[in-house]
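Right, one structure below, let's go through it.
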2 protein chains.
Amino acid sequence: MSAGVDERGTEARATIVDVARHAGVSKSTVSLVLSGSSLVAESTRTRVSQSMSDLGYIYHRGAATLRGAKSRVLGMVINDLSNPFFVEMAIGIEEACQGGAFIPFIANTVENPVRQLQVIRSMREYGAAGLALSPAIASSALELKPLLSDMPVVQVMRRLPGLRASIVAPENRFGARKAVQHLIGLGHKRIAFVGGFPAMSVREERLAGYAEALDEAGLPYDPALVIEAPINPSGAAGVAPQLLRSSTAALCFNDVVAIGLIRAFAAAGVEAGRDFAVVGFDDIDEARHIFPALTSVAVNGRALGARAAQLLMRQLASGDFAPENILSPTTLVVRVSCGASRQPGVSS
Amino acid sequence: MSAGVDERGTEARATIVDVARHAGVSKSTVSLVLSGSSLVAESTRTRVSQSMSDLGYIYHRGAATLRGAKSRVLGMVINDLSNPFFVEMAIGIEEACQGGAFIPFIANTVENPVRQLQVIRSMREYGAAGLALSPAIASSALELKPLLSDMPVVQVMRRLPGLRASIVAPENRFGARKAVQHLIGLGHKRIAFVGGFPAMSVREERLAGYAEALDEAGLPYDPALVIEAPINPSGAAGVAPQLLRSSTAALCFNDVVAIGLIRAFAAAGVEAGRDFAVVGFDDIDEARHIFPALTSVAVNGRALGARAAQLLMRQLASGDFAPENILSPTTLVVRVSCGASRQPGVSS
DNA sequence: TTACGGAATTAGCACGTTCCAAAAGTCACG
DNA sequence: CGTGACTTTTGGAACGTGCTAATTCCGTAA
């Protein structure tokens with residue numbers, strides 16, 4: 001009776017009390033119907049349900065969480081949705097949530113720590129039950145820490161040193177080592193590592209694997225071959241000439257860098273796999289399709305995201321938020337860009 | 001005094017009252033500080049702020065909206081984040097929100113109407129102020145309608161017939177017409193339209209432009225040349241043989257279909273632009289990079305998203321939710337895949 | 001008849017915030 | 001010292017829901 005105006009107006013949204021009045025019961029009964037309690041008689045349940053749809057009732061979750069009910073929202077804070085790898089990861093998280101009756105909300109921080117702070121704060125303010133976080137590059141664990149207390153947090157893919165939170169990440173070091181071993185096996189002596197900047201956890205791990213493989217093979221670790229560059233196609237293009245001068249092969253920080261590099265090479269008449277060996281990391285969809293097809297260390301972002309979500313949901317169910325570390329396996333997928341079917345170029 | 005336990009515990013989150021007590025003021029004053037009111041003395045403001053960070057206070061937006069405050073959350077309901085075009089659109093919305101002090105939350109419906117319903121319901125329950133909606137394919141306006149009353153809703157890209165909500169969309173018909181005119185200008189007589197299914201609004205519009213251009217040129221509209229297919233690479237691959245038999249050129253529903261087609265052709269030894277003319281729609285980033293480079297009707301998803309967000313924020317500011325329609329221009333970007341530099345093949 | 005027990009329903013407080021009206025404090029002026 | 005004007009602070013009633021404990025209803029056994 002208090003709701004039902006058809007055109008837009010100031011008509012307040014129907015509340016549980018309106019529904020109760022409309023159905024001729026108390027608000028407690030309506031609350032029981034909402035929570036699916038078996039206490040309420042079948043006839044009452046249908047009558048109340050009817051009233052709810054008659055009035056266009058919408059549950060007010062703010063009021064509910066206020067009273068102490070648990071929220072079913074998982075926040076996903078992703079650093080860069082324009083990188084297909086992170087999109088895959090987000091989709092993996094979403095898929096896993098569907099099974100567990102959680103609703104994931106995504107926010108894109110665009111690698112901006114300030115925005116990341118805003119976004120996490122918002123998610124907490126709105127009562128998210130847990131967080132899957134892929135931290136922006138220059139994040140400060142100190143700033144984040146107070147925002148993340150008393151809620152389960154899983155860091156996916158990237159890890160932030162000072163943060164006491166679970167980690168779900170690929171075996172970066174192992175994967176990088178395998179990739180460099182492969183290049184060494186093809187006869188390369190001067191192998192570069194391209195992309196990213198110091199203090200990025202993923203880069204450090206991959207770089208460690210790179211160094212390990214060199215060391216195993218008795219090759220020197222030459223800092224001049226470790227080349228920093230922004231994680232985007234033009235960043236890669238910018239260091240292409242330098243690479244050609246200094247080395248015959250490169251392990252790239254990730255596929256975005258590798259693909260940027262292959263394209264920059266192509267524009268200069270250099271063909272990856274024939275004139276220069278390129279290996280990527282992540283194995284995004286495009287790696288399979290680019291010419292020449294990109295050899296890459298496969299991570300399976302979807303599975304990674306799914307594991308993170310499962311861990312989060314398990315922690316929420318048990319109430320035990322003690323940090324756990326999960327390492328997800330990586331495998332080298334050999335295609336064309338590493339020149340596996342050829343010998344490395346003779347020109348030094 | 002009630003907060004401050006370091007390890008995880010049952011310690012309740014600090015409330016505005018705790019802060020007030022800690023700072024030696026009333027909760028009303030703290031509330032004023034939170035809202036940035038100029039009423040409160042500078043010295044008091046700093047003292048209260050200090051108490052807030054001392055106690056690790058987190059604003060409880062649920063309680064606030066309960067009392068009647070406006071929410072600053074915009075919901076983005078996106079049908080398919082694995083399509084780069086929609087990712088671009090989402091990023092456009094996000095960018096626009098940053099200027100307007102709104103926080104966008106993304107949800108991915110994976111083209112699943114049931115999930116879409118859940119997601120929209122959740123967003124309403126959590127008090128989203130407005131919605132940017134790119135409806136899933138088989139959405140029902142009837143089911144959606146009651147969920148969307150009394151809140152500004154903008155349909156981006158796609159439109160759902162029965163829905164009374166604003167629309168921000170590209171000039172699909174015009175763009176498709178230009179594309180087909182271009183193909184006709186190159187001498188093609190048998191031009192197919194590939195991808196999507198009936199009842200998809202975007203397809204209907206693009207198909208209308210296709211038909212218009214044929215009609216203008218006096219070419220017959222042959223239903224056998226309008227080929228349905230799922231909007232993904234393998235869907236396109238499935239109809240490639242049929243296309244080769246029936247036509248010499250194709251306008252694809254979008255770039256995802258076009259790229260799938262080009263790859264399927266390549267696998268069969270058919271080169272787009274030389275043996276068969278392919279034109280896409282949307283002009284996603286990959287269109288520029290695939291071989292041969294894809295001729296496509298550019299939409300600029302980022303700008304489209306930005307316009308949608310701006311419209312939404314304007315409506316929220318004014319309180320006037322009357323539906324508006326915004327058409328965003330499209331332009332044909334000619335590259336290689338349409339064979340602009342060659343004549344169409346002589347083989348019928 | 002009363003007593004009992006289980007099923008179904010309800011009253012009412014609590015949650016953390018905002019907002020209104022009102023109170024208290026401060027200052028200058030006559 | 002009283003008055004008025006202005007600045008700053010405060011008490012308390014909402015807001016919509018969940019939960020606990022209490023109440024009613026109904027049928028059956030003593």
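Letters A, B, ... are given to chains in the order of the sequence lines, protein chains preceding strands, and every chain is numbered from 1.
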Would you tell me whether [X] and [Y] have side-chain atoms, one donor and one acceptor, within less than 3.5 Å of each other?
| X | Y | result |
| --- | --- | --- |
| B:S71 | B:Y126 | no |
| A:N79 | A:T109 | no |
| B:S139 | B:Q116 | yes |

Quick one: do A:R121 and A:E143 make a salt bridge, cutoff under 4.0 Å?
-> no
Salt bridge or not for B:R314 and B:E324, using N-O below 4.0 Å?
-> yes
Send over the distance from [X] [atom1] to [N] [atom2], rounded to a whole Å.
| X | N | atom1 | atom2 | value |
| --- | --- | --- | --- | --- |
| B:L66 | D:dA14 | CG | P | 14 Å |
| A:I58 | D:dG16 | CD1 | P | 13 Å |
| A:R13 | D:dT17 | CZ | C1' | 11 Å |
| B:I16 | C:dT18 | CD1 | C1' | 8 Å |
| B:K70 | C:dC19 | NZ | P | 12 Å |
| A:L39 | D:dG18 | CG | P | 15 Å |
| B:R47 | D:dT8 | CZ | C1' | 12 Å |
| A:D18 | D:dG16 | CG | C1' | 10 Å |

Produce a footprint string for nucleotides 19-28 of chain D: one letter per nucleotide, 5' end first; B if the base is under 4.0 Å from any protein heavy atom, S if only the sugar-phosphate is, - if neither.
-> B---------
Side-chain N or O of B:S26 closer than 4.0 Å to phosphate OP1/OP2 of D:dT10 | yes
OP1, OP2 of C:dT17 versus side-chain N and O of B:T65: anything below 4.0 Å?
-> no
Nearest-nucleotide pick for [X], side chain only, options being [options]:
| X | options | value |
| --- | --- | --- |
| A:Y59 | D:dT17, D:dG16, C:dT17 | D:dT17 |
| B:A41 | C:dT18, D:dT9, C:dG16 | D:dT9 |
| A:T29 | C:dT9, C:dG16, D:dT8 | C:dT9 |

Please, which pairs that meet salt bridge (Lys or Arg N to Asp or Glu O under 4.0 Å) have at least one residue in residues 52-80 of chain A, sequence neighbours excluded?
->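 Qualifying pairs, neighbours excluded: A:R61-B:E125.
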Looking at CZ of A:R124 and OG of A:S149, how far apart are the two atoms once the value is rounded to the nearest 0.5 Å?
->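 Between A:R124 CZ and A:S149 OG, I get 5.5 Å after rounding to 0.5 Å.
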